[in-house]
Amino acid sequence: MFSPHSHSGFHQATVSKCLLATVVVSTILLSLPLHAYRNYFINASKASPAYTYVTSKLVFLDTKDLIPGALLLYYFRIFERRYGQRKFCAFLLFSLACGLALEALVFSLLQAWVGGLGSPCGPVALVFSLFVPFYVEVPRVEFAHILGVPVTGKSFVYLLGLQLGSSGWGAALLAACGLATGAAWQRWSGAIFRCLAPPKPVCRFAACWLDPLLRSSPPAG
C-alpha cells in the first residue's frame, strides 16, 4: 500500500539513499553520542548563530518528526528514478535554496510581531516541495472505500505529510514554503534545470567513483 508505484530498495536512487542516510544518521548521532553538539543544529531564536539556519535543516531532533519525514523521503525516491539523478539533484538544490529563502522571509516578518521565534528543525520544506510533483504526476488509483471515503495508493503518504506538517505552527509554515517551492518547480522546471543542473563532468566523476560505492542492487525478481 505504501509504495504501489515503485519497487523496494534504493536501486537507481543513489542520491535519495545519501539524503536519507544523512538525515537519519545525523539525527541518531545528535540524540546519543553527540548530544552535547545539538545546539549547533538548533535555530532557537533570532540570537542564534547564522549558520544554524542551514544546519538545522539537516536533522530531525524529534522522533515524531523523524519517522514520517524519513518514510516520506524514502517514498519520494521514485522521483529520482523518474527524473534521473542530474535533474533530481537540480530539484533538490532549488528546493533547498528557495525553501530557505522563503522561510527566512516568513520568519523575519513574524519576528517583527513576535520575538524569540525559532525555525523548526528538519528538512520539512524540502519534503513538502516533493508533494507537488507527487500530486501532479503520480496516478490516483482507488482500491477501497471506508465510510464512503475513497482510499487510494496515495492516502498513506498524505497522512504522513499531515502528521509531519501538523506538529506545530512552525512546521505548518515550513510546509507552506515547501509547497510554494514545489509549485514553482512544476511551473518552471525546464529553466530551473538549465540553471542548476550539476555540470556533466561532475556527474561523470560521481558515476565513476562514487556510484559504485553507494549504488544498491536491483530487487530480486
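The distance from atom CZ of Phe94 to atom CD1 of Ile192, rounded to the nearest 0.5 Å, is 3.5 Å. Atom OH of Tyr40 sits about 11.5 Å away from atom OG1 of Thr52, to the nearest 0.5 Å. Distance check: His11 NE2 to Arg81 CZ gives 7.5 Å after rounding to the nearest 0.5 Å. Taking CG of Leu130 as the start and CH2 of Trp185 as the end, the distance is 10.5 Å to the nearest 0.5 Å. The distance from atom OH of Tyr37 to atom CD1 of Ile42, rounded to the nearest 0.5 Å, is 15.0 Å. Atom OG1 of residue Thr22 and atom CG of residue Leu58 lie 8.0 Å apart, to the nearest 0.5 angstrom.
A continuous path of ILVMFWY side-chain contacts below 4.5 Å connects Val132 to Trp188, so both sit in one hydrophobic cluster. Follow the hydrophobic side-chain contacts under 4.5 Å out from Val15 and you reach Ile78 in the same cluster. Put simply, Leu102 and Val54 are part of two different groups of oily side chains (I, L, V, M, F, W, Y) that touch within less than 4.5 Å, one to the next. Residues Leu96 and Val127 share a hydrophobic cluster, clusters being chains of Ile/Leu/Val/Met/Phe/Trp/Tyr side chains in contact below 4.5 Å. By the criterion of side-chain heavy atoms lying less than 4.5 angstrom apart, applied directly or through intervening Ile, Leu, Val, Met, Phe, Trp or Tyr residues, Phe60 is not grouped with Leu159; the two fall into different hydrophobic clusters.
The closest side-chain heavy-atom distance from Phe76 to Pro133 is not below 4.5 Å. Looking at Glu80 and Leu92, their side chains never come closer than 4.5 Å, going by heavy atoms from C-beta outward. Residues Phe205 and Pro199 have side chains not in contact (no heavy-atom distance under 4.5 Å, counting atoms from C-beta outward). No side-chain heavy atom of Asp62 sits under 4.5 Å from any side-chain heavy atom of Ser167. In this structure, the side chains of Leu164 and Leu160 stay at 4.5 Å or more apart for every pair of heavy atoms. Arg77 has its side chain out of reach of Lys17: every pair of non-hydrogen atoms, C-beta onward, lies at least 4.5 Å apart. At least one side-chain heavy atom of Gln85 sits under 4.5 Å from a side-chain heavy atom of Thr14. Under the 4.5 Å side-chain criterion, counting only non-hydrogen atoms from C-beta, Leu19 is in contact with Leu126.
Of all the heavy atoms in Ser31 and His35, the pair that sits closest is O-CD2, 4.0 Å. The heavy-atom pair separating Arg86 from Cys203 by the smallest distance is CD-SG, 3.7 Å. Between Val124 and Cys121, the shortest heavy-atom contact is CG2-O, 4.1 Å. The heavy-atom pair separating Ala70 from Val24 by the smallest distance is CB-CG2, 4.2 Å.
Within the 6.0 Å centre-distance limit, the rings of Phe10 and Tyr74 are counted as a close aromatic pair. Ring centroid separation for the pair Phe128 and Phe131 comes in under the 6.0 Å cut-off.
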Practice item. Would you check, one step at a time, whether the test side chain to side chain contact (heavy atoms under 4.5 Å, CB included) holds for Arg82 with Val138? Key: CA-CA 11 Å; Arg82 283 171 174 257; Val138 177; 4.2 Å; yes
Review point. Side chain to side chain contact (heavy atoms under 4.5 Å, CB included) between Leu71 and Tyr75: does it pass, once the steps are laid out?
Key: CA-CA 6 Å; Leu71 288 173; Tyr75 181 88; over 6 Å; no
Practice item. Show your working on side chain to side chain contact (heavy atoms under 4.5 Å, CB included) between Ser16 and Phe88 and close with a plain yes or no. Key: CA-CA 9 Å; Ser16 299; Phe88 187 68; 3.6 Å; yes
Practice item. Take Glu137 and Tyr83 through the side chain to side chain donor-acceptor pair (under 3.5 Å) test and state the conclusion after the steps. Key: CA-CA 11 Å; Glu137 300 177 19; Tyr83 297 160; 3.0 Å; yes
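Counting non-hydrogen atoms of neighbouring residues, nucleotides and ligands closer than 6.0 angstrom, the CZ atom of Arg38 exceeds 12 such neighbours.
With hydrogens and angles ignored, the 3.5 Å screen pairs no side-chain donor or acceptor of Glu103 with any backbone N or O of Leu174. Panel note: side chain Ser129, backbone Thr181; no donor-acceptor pair is recorded below 3.5 Å.
The aromatic rings of Phe134 and Tyr158 stand perpendicular to each other, their planes meeting at an angle above 60°, with 30° marking the opposite boundary.
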